[in-house]
Amino acid sequence: MRFDASILLLAAVASSSAALFVEPRSRRQQVTFALSPKSFRQSVAAVASSQKDLSSWVAYQSDVSFEGILANIGPDGANVVNSGVRPGVVVASPSKSYPDYFYHWIRDGAITIRALVDHYAATGDAKSKQIIDDYIASNQAVQRVSNPSGAFEGLEGLGEPKFHVDGSAFVDNWGRPQRDGPALRAITLINYIYALTNRTSSQASDYKYIYDQVIKPDLEYTSKFWAHPGFDLWEEVNGLHFFTAMVQFKALCLGEQIAEAMNDPGAAEWYRAQSIGVRGFLRAFWDDGKGHIVETLGSSRSGLDSAIILGAIHGGSESVYPLHSDSMIATLHSLVQDMRTRYKINIADMEDFNETAEDIPVSVGIGRYPEDVYAGGDKAAEVAGSDQLGNPWFLCTASVAHALYALAEHLALSDKHLVITNLTAPFYLPLIPSAVSAKDAAYIDFSSTSNALPTAVKLAFDPASKETQAIIANIVRYADGFMNVIRKHSDAEGQLSEQFDRDNGFMRGAKQLTWSFEAFWNAAKMREKTFEAIQRRREFFSMRAKL
């Protein structure tokens, strides 16, 4: 069931009552917020209209994206039929030249099949289940194919990043090993076992063959090699990476649970011990000096990278860098701020979207990382001589939308105050829906030496307050803006390539990229969950007001 933001989100804002407290710890400054009833009603009407229109498009694009995923999966997907693609093999893109992405990447495949697992869990769709079962069979075989990373014995071969679509080894030069694939595949298949048990009368132990044959080798690899360097998800830098560590941590946590369910206590204890090690290791990726998480330790780059957001999405947990944590909020804000003026098309889009953006930040296209020079390897870039300049990516833009929806969902379901610290103030302050009273020159004096720590609390809003409700609404509007960027730069049929041009906004790079479809579909599902949470919040506070 799809929910319309214009009904649920704005009704929640309009029906709430305000309660605000302010807390610099060493002193209190009374800050007041006042919404003009007339301007508020006008804002509600404008947002309702724009979000209703966007909701219709998101529903359409979500369906197209799901079909785009299926079209790239063997043996009979529309884009790969009669191409020798093994059943259950996910092809990254139908592009076979400029660039050639007609391969099965372990990472891309696991992330894509996870979307089908979620779809099966929600609907019981038989077609999705058959594809997942085929994926298990094909990956059991692929795991055992000797390749340049190594053999199955000793497990080194599981770090091989990609294979030919018939399951044979890719032996040319490449950035190998890549240590995220086994963890992601384990996450996907563990979730599949739980989906099977939830939809049937079976027990997890009934699927021990999946655990023994595919999941456990991946967990053993992850537990053995998590501290070893490898190439990042963009396949460019050899080192220790946030994205990789995040998905490894999640895989090991889930591995402990599934090993216990499979009566494998020794493995469960080993995976638990290793997950503790990864959790401690992940703290190293926070950079106090930069004020954000860095993707690769010891890198000469800025460290800002969409891989950080993707790491929280695919390796997220409540215990380490959840999407609603101050660290992730600050990192997301820094990444978006960098991207605003990095691409000419973003500057043009900001001018176009500014007419409807009112007082919240304008959303923009998001690239992989600031220093990126990969333009997609397409013929047009080579001819134009612009193949050494990076572009915004659809999947990166969708990941930011996803993260913002997840933040809004968390706030909607929380019974705690919405706390704004020095670290998150740059993100939150533009989302507070009204100006401070005339007697106040600023919300809070952020130069105060007594509150210099990033964790110092600056503002805290009661969960039932009008301000909290409106901030949640504005976060969703902000997220919707990133979906609108995708809308503007996709084609009329809803096809999504890898990138869109930094200057003119037209699609480029690998066509019909499977990961682009998955990222949009996943963000759209997160949007639905957010509106469900907002509805539940509205009902809760409405009931509480009557008591």
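Positions are given from 1 along the sequence. From a predicted model like this one, the values you see are computed outputs, not experimental measurements. The figures that follow rest on heavy atoms only: side chains count, while hydrogens, waters and symmetry mates do not.
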Note, [X] side chain near [Y] side chain (heavy atom, < 4.5 Å):
X	Y	answer
F281	W226	yes
Y194	I258	yes
L158	R144	no
F500	V485	yes
D264	Y211	yes
E235	W174	yes
K129	L196	yes
R536	L413	yes

Test item: [X] side-chain N/O and [Y] main-chain N/O as donor-acceptor pair under 3.5 Å:
X	Y	answer
D134	I136	no
H241	V237	yes
T514	V91	yes
R86	P75	no
S299	T296	no
S317	V320	yes
H410	H324	no
S325	Y321	no
D287	K290	yes
N191	I187	yes

Verdict with supporting geometry, M339 and C396, side-chain contact (heavy atoms from CB on, under 4.5 Å): CA-CA 11 Å; M339 294 292 164; C396 298; over 6 Å; no
From [X] [atom1] over to [Y] [atom2], what is the distance, rounded to the nearest 0.5 angstrom?
X	Y	atom1	atom2	result
L395	I309	CG	CD1	12.5 Å
D305	D232	CG	CG	7.0 Å
Y209	Q140	OH	CD	10.0 Å
H164	F170	NE2	CZ	6.5 Å
L252	Y271	CG	OH	8.5 Å
D338	L304	CG	CG	6.0 Å

Short N-O contact, R107 and D180, less than 4.0 angstrom: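 The answer is yes: the pair qualifies as a salt bridge.
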I'd like to check the side-chain contact (heavy atoms from CB on, under 4.5 Å) partners of M507; sequence neighbours left out, ordered by chain and number.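 With sequence neighbours excluded, M507 shows a side-chain contact (heavy atoms from CB on, under 4.5 Å) to F394, D491, S497, given in chain and number order.
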Not counting sequence neighbours, which residues clear side-chain contact (heavy atoms from CB on, under 4.5 Å) with P148? List them please.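 For P148, the residues satisfying side-chain contact (heavy atoms from CB on, under 4.5 Å) (neighbours in sequence not counted) are E160, V171, R176.
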Measure across [X] and [Y] and return the closest heavy-atom pair with its distance rounded to 0.1 Å.
X	Y	answer
Q512	N79	NE2-ND2, 3.5 Å
P322	M328	O-CG, 3.2 Å
S128	H119	OG-CD2, 3.2 Å
F517	I69	CB-CG1, 3.8 Å
T188	A110	OG1-O, 2.8 Å
G167	V145	O-CG2, 3.7 Å

More than 12 heavy atoms of other groups within 6.0 Å of [X] [atom1]:
X	atom1	result
K127	NZ	no
K529	NZ	no
N82	CG	no

Y478 vs F482 aromatic rings, parallel, tilted or perpendicular, using cut-offs 30° and 60°?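 It falls in the tilted class, 30° to 60°.
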Do the ring planes of F225 and H228 sit parallel (below 30°), tilted (30 to 60°) or perpendicular (above 60°)?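 The rings of F225 and H228 stand perpendicular, inter-plane angle above 60°.
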Side chains of [X] and [Y], donor plus acceptor under 3.5 Å:
X	Y	answer
T123	D125	no
E371	S302	yes
D218	Q143	yes

Tell me if the aromatic rings of [X] and [Y] count as close, with their centers under 6.0 Å from one another.
X	Y	value
F163	Y103	no
Y207	Y192	no
H489	F506	no

Of F66, W57, W515, which is the lone residue that meets ring pair (Phe, Tyr, Trp, His ring centres under 6.0 Å) with F520?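 So the option named by the test is W57.
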For W234, the option from F243, W393, Y374, W105 that meets ring pair (Phe, Tyr, Trp, His ring centres under 6.0 Å):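 Looking at F243, W393, Y374, W105, the match for W234 under the ring pair (Phe, Tyr, Trp, His ring centres under 6.0 Å) is W393.
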Partners of R179 by salt bridge (Lys or Arg N to Asp or Glu O under 4.0 Å), sequence neighbours excluded?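 Applying salt bridge (Lys or Arg N to Asp or Glu O under 4.0 Å) to R179 gives none.
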For V336 and I366: C-alpha separation, side-chain torsions, deciding distance, then whether side-chain contact (heavy atoms from CB on, under 4.5 Å) applies. CA-CA 7 Å; V336 174; I366 305 298; 4.1 Å; yes
Going by side-chain contact (heavy atoms from CB on, under 4.5 Å), L404 matches just one of L332, I329, D480, T530. Which one?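 Answer after filtering L332, I329, D480, T530: L332.
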Please lay out, stage by stage, how L335 and S306 fare under the test side-chain contact (heavy atoms from CB on, under 4.5 Å). CA-CA 8 Å; L335 177 67; S306 293; 3.7 Å; yes
side-chain contact (heavy atoms from CB on, under 4.5 Å) between I193 and D206, worked out: CA-CA 9 Å; I193 289 177; D206 294 334; over 6 Å; no
Is there a ring pair (Phe, Tyr, Trp, His ring centres under 6.0 Å) between H402 and Y405 once you walk through the steps? CA-CA 5 Å; H402 184 133; Y405 289 132; 8.1 Å; no
Worked verdict on K96 versus D100 for salt bridge (Lys or Arg N to Asp or Glu O under 4.0 Å): CA-CA 4 Å; K96 294 183 178 180; D100 182 2; over 6 Å; no
Option passing salt bridge (charged side-chain N to carboxylate O under 4.0 Å, His left out) with R368 (candidates E236, E295, E498):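 Looking at E236, E295, E498, the match for R368 under the salt bridge (charged side-chain N to carboxylate O under 4.0 Å, His left out) is E236.
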